[in-house]
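Okay, structure first, notes after.
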2 protein chains.
Amino acid sequence: MKKDKVMDLFVGYLREKVLQITKQREEIFRCFLSTDTHLSVEELYSLVRKKDPKVGQTTVFRTLKLLCEADIAKEVDFGGRVKRYEVKYGHKHHDHLVCTKCGEFIEAVDERIEELQDKLCKKFGFIPF
Amino acid sequence: MKKDKVMDLFVGYLREKVLQITKQREEIFRCFLSTDTHLSVEELYSLVRKKDPKVGQTTVFRTLKLLCEADIAKEVDFGGRVKRYEVKYGHKHHDHLVCTKCGEFIEAVDERIEELQDKLCKKFGFIPF
DNA sequence: ATTGAATCTGAAATTCAATTTCAAAAAGAG
DNA sequence: CTCTTTTTGAAATTGAATTTCAGATTCAAT
């Protein structure tokens with residue numbers, strides 16, 4: 001199953017950075033991967049709390065940061081003030097269409113757009129993210 | 001000169017909404033249009049203060065909102081926490097390439113991407129912004 | 001197992017931009 | 001001029017992001 005691979009990636013990252021694999025980090029990792037929505041810290045915190053009410057919001061915040069560094073999560077910025085995070089590992093790069101009124105959004109993968117975006121980035125010395 | 005047209009647009013918008021054309025609003029409008037950068041409220045406030053130190057930040061904030069409503073300004077969201085505003089009137093829709101490390105960015109207009117974005121939006125019932 | 005050092009955690013504090021509040025000032029109507 | 005409405009801006013509030021710090025936990029070496 002794919003989840004194990006991602007877990008390996010996370011474990012690998014932690015080892016590389018000489019960080020510990022704690023039960024909090026594991027739980028947060030699991031909760032995060034178990035959804036396919038674009039969670040805010042608060043929302044993920046709520047999820048995690050259902051599994052283990054003792055975990056603090058700060059730890060969720062920090063773990064999410066680690067997950068981003070490990071390329072497992074990706075920060076996505078819809079118009080609002082809250083940051084959201086999506087699973088990056090195993091997901092193609094894609095765009096989001098976000099309603100400026102209600103925040104509703106959809107994910108869209110368009111090969112031709114991707115290709116042009118890549119070219120555009122290359123042209124200006126950027127790396128697509 | 002183009003600026004007059006934009007001013008007309010602003011004045012028209014204010015009239016429509018039965019709002020007054022005050023010297024503060026005029027000054028903020030002028031300062032905003034005089035730059036081609038992507039200003040935050042704070043930055044625009046600084047500019048305005050040089051012209052009239054009595055203008056308050058709140059008024060800048062509110063006027064910027066009006067300018068957005070009038071389609072003269074557009075909120076753009078680079079990764080950071082601060083909102084930025086660019087001149088929308090008279091500017092083609094375009095994308096931004098933003099460095100995730102330093103925030104440096106460039107504007108890029110790519111006709112083919114624009115076209116595909118339009119199609120994508122249409123396909124899902126969105127209106128490009 | 002014990003100790004000592006380093007890491008991790010989470011409640012609370014802090015930060016900082018965004019937004020709201022409210023009383024005073026300015027503008028408009030009569 | 002007087003009354004009413006709008007506008008203004010200093011100050012307060014909000015809310016998410018981030019930092020702080022003391023206590024808990026883990027690790028490594030005995």
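Only a predicted model underlies this, so the values are computations on that prediction, with no experimental measurement involved. So you know, we letter chains A, B, ... as the sequences are listed, proteins then strands, and number each from 1.
Boundaries of the chain A contact region on DNA chain C are dT7(C) to dA12(C), first to last in 5' to 3' order (nucleotide atom under 4.0 Å from a heavy atom).
The side chain to side chain donor-acceptor pair (under 3.5 Å) contacts involving residues 115-124 of chain B comprise Asp95(B)-Gln117(B), where partners must be two or more places apart or lie in separate chains. Residue pairs meeting the side chain to side chain donor-acceptor pair (under 3.5 Å) criterion with at least one member in residues 13-26 of chain B, sequence neighbours excluded: Tyr13(B)-Glu69(B).
Between Phe32(A) and Tyr85(A), a ring centre-to-centre spacing not shorter than 6.0 Å is recorded.
A donor-acceptor contact under 3.5 angstrom links the side chains of His38(A) and Glu107(A), judged on distance only.
When side chains are defined from C-beta on, Ile28(B) counts as touching Leu44(B), because their heavy atoms get closer than 4.5 Å. For the pair Tyr89(A) and Leu9(A), the minimum side-chain heavy-atom distance is below 4.5 Å.
Only Thr58(B), Phe61(B), Arg62(B), listed by number, bring a heavy atom of residues 58-72 of chain B to less than 4.0 angstrom from any atom of DNA chain C. Within residues 24-36 of chain A, the residues approached by DNA chain C to less than 4.0 Å at the level of any non-hydrogen atom are Gln24(A), Arg25(A), in residue-number order. Looking at residues 43-55 of chain A, you'll see Lys54(A), Val55(A) sit with a heavy atom under 4.0 Å from some atom of DNA chain C.
Whole-Å rounding puts the Arg15(B) CZ to dT6(D) C1' distance at 16 Å.
Legend: residues meeting side chain to side chain contact (heavy atoms under 4.5 Å, CB included) with Arg62(A), ordered by chain and number and at least two apart, are Thr58(A), Thr59(A). When the ring-ring contact (aromatic ring centres under 6.0 Å, His included) test is applied to His94(A), the partners found at least two apart in sequence or on another chain are His96(A). Every side chain to side chain contact (heavy atoms under 4.5 Å, CB included) that Glu27(B) has, sequence neighbours left out, goes to Arg30(B), Cys31(B), Val48(B), Lys51(B). Applying the ring-ring contact (aromatic ring centres under 6.0 Å, His included) test to Phe29(B) and every residue at least two apart in sequence or in another chain returns Phe10(B). Looking at residues two or more places apart in sequence or on another chain, you find a side chain to side chain contact (heavy atoms under 4.5 Å, CB included) between Leu97(A) and Ile106(A), Leu120(B), Cys121(B), Phe124(B), Phe126(B). For His93(A), there are no ring-ring contact (aromatic ring centres under 6.0 Å, His included) partners at least two apart in sequence or on another chain.
In plain terms, the two heavy atoms of Phe78(A) and Arg84(A) that are nearest each other are CD1-CD, 4.3 Å.
Under the Watson-Crick or G-U wobble criterion, with both distances below 3.5 Å, dT30(D) is paired with dA1(C).
Residue order along DNA chain D, read from the 5' end via each residue's closest nucleotide, puts Gly56(B) first among Arg84(A) and Gly56(B). Comparing Lys23(B) and Val41(B) along DNA chain C, the residue whose closest nucleotide (by nearest heavy atom) sits nearer the 5' end is Val41(B).
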